[in-house]
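Naming convention: chains lettered A, B, ... in sequence-line order (proteins, then strands); numbering from 1 in each chain.
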Protein chains: 2
Amino acid sequence: MADVISPGGKLAANPIFLRDEDLRQGIELLFYAYRDFTSEPDAILAKLGLGRAHHRAIYFVGRHAGITVSELLAILKITKQSLSRVLSQLVQEGYIQQRPGKRDRRQRLLELTEKGKELERQLTRTQRERIARAYREAGAEAVAGYRKVLLGLIDETERRKILAHLDGSAKASG
Amino acid sequence: MADVISPGGKLAANPIFLRDEDLRQGIELLFYAYRDFTSEPDAILAKLGLGRAHHRAIYFVGRHAGITVSELLAILKITKQSLSRVLSQLVQEGYIQQRPGKRDRRQRLLELTEKGKELERQLTRTQRERIARAYREAGAEAVAGYRKVLLGLIDETERRKILAHLDGSAKASG
DNA sequence: GAAATTACGTCAGCCATGTTGACATATTAC
DNA sequence: GTAATATGTCAACATGGCTGACGTAATTTC
């Protein structure tokens, strides 16, 4: 009962890594990794009176300078009201600045201020170091597998957008 | 500027997958995967008036039948007050039952009721299917890499406990 | 050029889930 | 018998989701 899930007896012929036990391991690893991955930035943010939601906003604005509010909403998948709370605080405290869109002046293009970049670096450093260590210890092949599986966990509709992001982001500077 | 992070110029000699761009990709994949991974169970839970915190409790109690409150706290890394709220609701609504520890009668060993098991199956099914599909599409080698890297992301102190969990859980039934 | 749509913002209130701090009760350990 | 441990509880607070309603400016459509 612990090794094969068989509501239809159908998975019996599947590869060994699809046993119920292994799938649960996959679930738990994701939980534990996420739990610890967020803990360091959370501690830094707490001292500044900010939270994880601020981190996410800062991160993606830093990543995609000049991003619009709608685009950011599509990434975070939260309501505009939730984002607004976070964003207006970040603007008010000088981490993010807005400028009207050139082609479409309704848009408020978002970018980090120097202060924002500073915080972004500080927050991301801990996570980058953590990832770098894990990558280094696991090796190139494992990294490829990590990417492949995580990408497969993402909703299909989203996957394309993200792939475009990831590939295109090197040139999308400024 | 986009391909090598060099505050000390030190990372230049490192393998290709340690470029800033790749590390950020690793960060983002984790964010996106987690975001989508939790969305389906969240929707089910919402209909029952429960939340993600309930899911976590149910999941780990199901996984480790007879777990103590302290052990559960150590896994979730939240305060006992936070857990208590969730747990007492789950007990009251008949998803979880408690029995005093045999050796130590201060302990309240936790286990799922039939109703709890039912819900656990329902919640975990969506995630298990998601993982299974991703695993299948990525292949055995990628799965090994996924595990390796995620394990590397976990705090060192925790890693051992978790490894013990993961290995030992097949025999820890009832 | 008027009307509809879009991008964004805001007010108000609700809920889930995390936190701290203080205190209570059983049980076990020394 | 006293101290420590396992658990629970009350109260108050913060964060960050949510819904619903409404407002403004700019763009698009006809």
How do A:Leu50 and A:Arg103 order along DNA chain D: which one's closest nucleotide is nearer the 5' end?
A:Leu50
Rounded to the nearest angstrom, tell me the gap between atom CG in B:Leu48 and atom P in C:dA16.
12 Å
How many whole angstroms separate atom CD1 of B:Ile78 from atom P of D:dA14?
20 Å
Nearest-Å distance for atom pair CZ/P, residues A:Arg85 and C:dC14:
14 Å
Atom-to-atom span, CG of B:Leu87 to P of C:dG18 - whole angstrom
12 Å
Do B:Leu87 and B:Leu110 have side-chain heavy atoms sitting under 4.5 Å apart?
yes
Worked verdict on B:Leu29 versus A:Ile154 for side-chain contact (heavy atoms from CB on, under 4.5 Å)
CA-CA 8 Å; B:Leu29 282 173; A:Ile154 297 169; 4.0 Å; yes
Apply salt bridge (Lys or Arg N to Asp or Glu O under 4.0 Å) to A:Lys115 and list each qualifying residue two or more places apart in sequence or on a separate chain.
none
On a plain distance test, is the side chain of B:Arg106 in donor-acceptor contact with the base of C:dT28 below 3.5 Å?
no
Does A:Ser82 make a side-chain N or O approach to OP1 or OP2 of D:dG16 shorter than 4.0 Å?
no
Just call it for B:Glu71: base, sugar-phosphate, or nothing, with non-hydrogen atoms closer than 4.0 Å on any strand.
nothing
Output the rounded distance in Å from CD (B:Gln89) to C1' (C:dC15).
11 Å
Over how many whole Å does the gap from A:Leu110 atom CG to C:dA7 atom C1' extend?
12 Å
Tell me yes or no: between the side chains of A:Tyr59 and B:Glu28, is some donor less than 3.5 Å from an acceptor?
yes
Between A:Phe60 and A:His64, what is the ring plane arrangement, given parallel below 30°, perpendicular above 60°, and tilted in between?
parallel
Select base, sugar-phosphate, or nothing to describe what A:His54 touches, counting heavy atoms under 4.0 Å on all strands.
sugar-phosphate
For A:Glu156, give me all partners under side chain to side chain contact (heavy atoms under 4.5 Å, CB included), at least two apart in sequence or on another chain.
A:Arg159, A:Arg160
Interatomic distance where CG belongs to B:Asp42 and C1' belongs to D:dC18 [whole Å]
12 Å
Classify B:Gln98 by what it touches in the nucleic acid, base, sugar-phosphate, or nothing, heavy-atom distance under 4.0 Å.
sugar-phosphate
Which nucleotide wins on minimum distance to the side chain of A:Ala53, given the candidates C:dT27, D:dG17, D:dG8?
D:dG17
Taking the side chain as C-beta and beyond, is there a heavy-atom pair between A:Leu90 and A:His54 under 4.5 Å?
yes
Cut-off 3.5 Å, side chains only: do B:Arg108 and B:Thr68 have a donor facing an acceptor?
no
Has B:Arg108 got a side-chain N or O lying under 4.0 Å from the OP1 or OP2 atom of D:dA6?
no
What is the distance, to the nearest angstrom, from the CG atom on A:Leu73 to the C1' atom on D:dC18?
14 Å
Polar atoms only, N or O, under 3.5 Å: list the protein pairs with nucleotides 9-11 of chain D and their distances.
none

Taking atom types as they are modelled, would you say the side chain of B:Arg52 forms a donor-acceptor pair with the base of D:dG17 within the 3.5 Å cutoff?
no
More 5' along DNA chain D: B:Leu109 or A:Val86, using each one's nearest nucleotide?
B:Leu109
